[in-house]
Amino acid sequence: MDFDTVLSMTGDRGAWVEQMRADLISTEAGTVHGHYRAVYAITAAYEQIVWLLRRYVLLVQSAVGTQAPRSAEFAGAQFEKAV
């Protein structure tokens, strides 16, 4: 398994997700309130999946003895604070 590739794919996506939420909400001016909640729920689930995948890869990486980059170990800290 190429840990570096997975770690780069599962890096911090907070700014991107927030921008996606803002774009969807601003383009759908006539959308009902329930749609806003659905967009938030879906993007929150996406963030959690990416964070969990990253944590899993870091765990596997440490189990096989491959040193994780120091910045990668704490990349999910912002998400942990939000949850």
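In what follows, every heavy atom counts, from backbone to side chain, and hydrogens, waters and symmetry copies are set aside.
Leu59 and Trp51 are members of different hydrophobic clusters when ILVMFWY side chains are connected at heavy-atom separations under 4.5 Å. Clustering ILVMFWY residues whenever any of their side-chain heavy atoms sit less than 4.5 angstrom apart, transitively, puts Met9 in a cluster other than the one holding Ile49.
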Verdict with reasoning, Leu52 to Thr10, per side-chain contact (heavy atoms from CB on, under 4.5 Å): CA-CA 9 Å; Leu52 287 170; Thr10 58; over 6 Å; no
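Rounding to the nearest 0.5 Å gives a distance of 7.0 Å between CD of Gln61 and CG of Asp4. Distance check: Arg55 CZ to Gln48 CD gives 13.0 Å after rounding to the nearest 0.5 Å.
With Met20 as the fixed residue, the side chain to side chain contact (heavy atoms under 4.5 Å, CB included) test singles out one of Val39, Thr43, Ile42: Thr43.
Legend: residues meeting side-chain contact (heavy atoms from CB on, under 4.5 Å) with Tyr46, ordered by chain and number and at least two apart, are Arg13, Trp16, Val17, Val50.
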